Structures are given as C-alpha cells and as structure tokens.
Amino acid sequence: AVGIIGGVRRKMHFFCMDLPYSDAPFVKAYPAETTEAFLDGHVSAFAFFGGVPQSILYDNLKSAVLDRRGDAILFNPKLVAFAKHYRYEIRPAAVARGKALYAQFGCAGCHRIHGAGGAVAPDLSFIGDVRPEREWHLKHFKNPQSVSPGSFMPKFPLTDQQLNDLTSYVLSLKRAS
C-alpha cells in the first residue's frame, strides 16, 4: 500500500493482529518492515486489546521466523526475548492449515462449530477448552477407535504434519477469555 507521510508518498507496511475467537482486528502502518516495527506493533496491539494473549501464532513471516526445515523452526531471538518478557507462548501457525483440512475431509458433515455443520458427532465449538490435551487429539485423528471406542469417525490418511495442523486447529476452538 502507498501512504502519505509528511506530504511524501511512500510505500507502507502493515502490522496486523487479530484475536481468533472474536476476530477483533488491529492494524498499524509503518514506513519500513523491521523487527523494531514488528515488536512495536505487538505492544500497540496489546494496548488496543487491553492485554496480552496467552499465545500468538506465527507463520513464516521474516520478522518472526529465521529458518524453517520441516517441523524445526528457528524463531528470531528478539521475538523470543520479547515473548518471554510479555509472558506469552510463541506457536507456529498450523491453525489455518488445520482448518483447511477440516473442510477438505468434510468434517462439517458430522461435526458442528458455532452452529454450522452436522449434528451426528460431537459439537467442536469449544473443544479446545473441553479437551485441551494435544496428545489425545493426535491419537484420535490417527486412530479414532484408540481413544473413543465405538466412534464411527473413519481413519483418515493424514501425514504427521496434517495430524499436527488439524490438532492445532481444534485446540484453537475455545471460548473467549
């Protein structure tokens, strides 16, 4: 985007953050894409939202991720120190990929989330609060019968990455705190 600062047209860079349950958005423009602007955007967003979330998801944004090889992620040390100072957990973004898998495999045919979807399987609207154990969900997606005997959920041919992404998505389904 282009903006005008001091009467001069220049390229603008935007810091964006939203809260996953409410989708409350925060956006702030900067004249450059720097680590300092990235961290300042967080501070401004925390002030706007009135607090710091328990965790923040990051994808491959250059300001956050220095290197990624498979599941191994090297986060920017300045971001790691910042997160430690503000006491929130840095989490790799797998939620969007998990949500896409939920749609791809037709999970909404059986499950309901916030009123949308089927009603023949458990409502997942707040499953992240109801069952927050990551390992349980991983086992459930790998082999539903292993943790829910009698379940009619089929075994899906999921890779380890897909299992993790789908688990991250369902764990994100929580009540607003």
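These figures come from a predicted structure and were not determined experimentally. The basis for the numbers below is simple: all heavy atoms, side chains too, and nothing from hydrogens, waters or symmetry mates.
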What distance separates [X] [atom1] from [Y] [atom2], expressed to the nearest 0.5 Å?
| X | Y | atom1 | atom2 | answer |
| --- | --- | --- | --- | --- |
| Ser168 | His137 | OG | NE2 | 10.5 Å |
| Leu57 | Met17 | CG | CE | 10.0 Å |
| Leu171 | Glu133 | CG | CD | 9.0 Å |
| Ser172 | Ile127 | OG | CD1 | 11.5 Å |
| Arg131 | His140 | CZ | NE2 | 8.5 Å |
| Leu173 | Lys99 | CG | NZ | 8.5 Å |

With a 4.5 Å limit on heavy-atom distance, are the side chains of [X] and [Y] in contact?
| X | Y | value |
| --- | --- | --- |
| Pro77 | Leu66 | yes |
| Tyr88 | His42 | yes |
| Asn76 | Phe82 | no |
| Phe46 | Pro53 | yes |
| Tyr102 | Leu124 | yes |
| Leu19 | Phe49 | yes |
| Pro31 | Ile5 | yes |
| Arg134 | Asn164 | yes |

Is there a donor-acceptor pair closer than 3.5 Å between any side-chain N or O of [X] and the backbone N or O of [Y]?
| X | Y | value |
| --- | --- | --- |
| Ser44 | Gly41 | no |
| His13 | Ala32 | no |
| Gln145 | Ser151 | yes |

Might you point out which heavy atoms bring [X] and [Y] nearest each other, and give the distance in Å?
| X | Y | value |
| --- | --- | --- |
| Ala1 | Phe14 | CB-CE1, 3.3 Å |
| Pro122 | His111 | O-ND1, 2.7 Å |
| Arg112 | Asp123 | O-OD1, 3.2 Å |
| Met12 | Ala29 | CE-CB, 3.5 Å |
| Arg97 | Asp165 | NE-OD2, 2.9 Å |

Side-chain heavy atoms nearer than 4.5 Å, only ILVMFWY residues, links allowed to pass through others: does that put [X] and [Y] together?
| X | Y | result |
| --- | --- | --- |
| Phe156 | Ile113 | yes |
| Leu138 | Val147 | no |
| Phe48 | Ile56 | yes |
| Tyr30 | Leu61 | yes |
| Val80 | Val43 | yes |

Report summary line: Test side-chain contact (heavy atoms from CB on, under 4.5 Å), reference Phe141, set Gln162, Lys155, Met153, output is Met153

**Report entry** For Ser63, the option from Tyr58, Phe38, Phe15 that meets side-chain contact (heavy atoms from CB on, under 4.5 Å)
**Finding:** Phe38

Report task. Please confirm whether His114 and Phe126 have ring centers closer than 6.0 angstrom. Result -> yes

Query - Atom NZ of Lys28 with >12 non-hydrogen neighbours under 6.0 angstrom - result: yes

Requested in this report: State whether a side-chain donor-acceptor pair under 3.5 Å links Arg175 with Ser125.
Outcome: no

Query raised in the report: Are a donor atom and an acceptor atom from the side chains of Lys78 and Thr35 found within less than 3.5 Å of each other?
Result: no

Requested in this report: Verify side-chain contact (heavy atoms from CB on, under 4.5 Å) between Phe105 and Leu158, making sure each step is shown before the conclusion.
Outcome: CA-CA 10 Å; Phe105 285 101; Leu158 300 169; 3.5 Å; yes

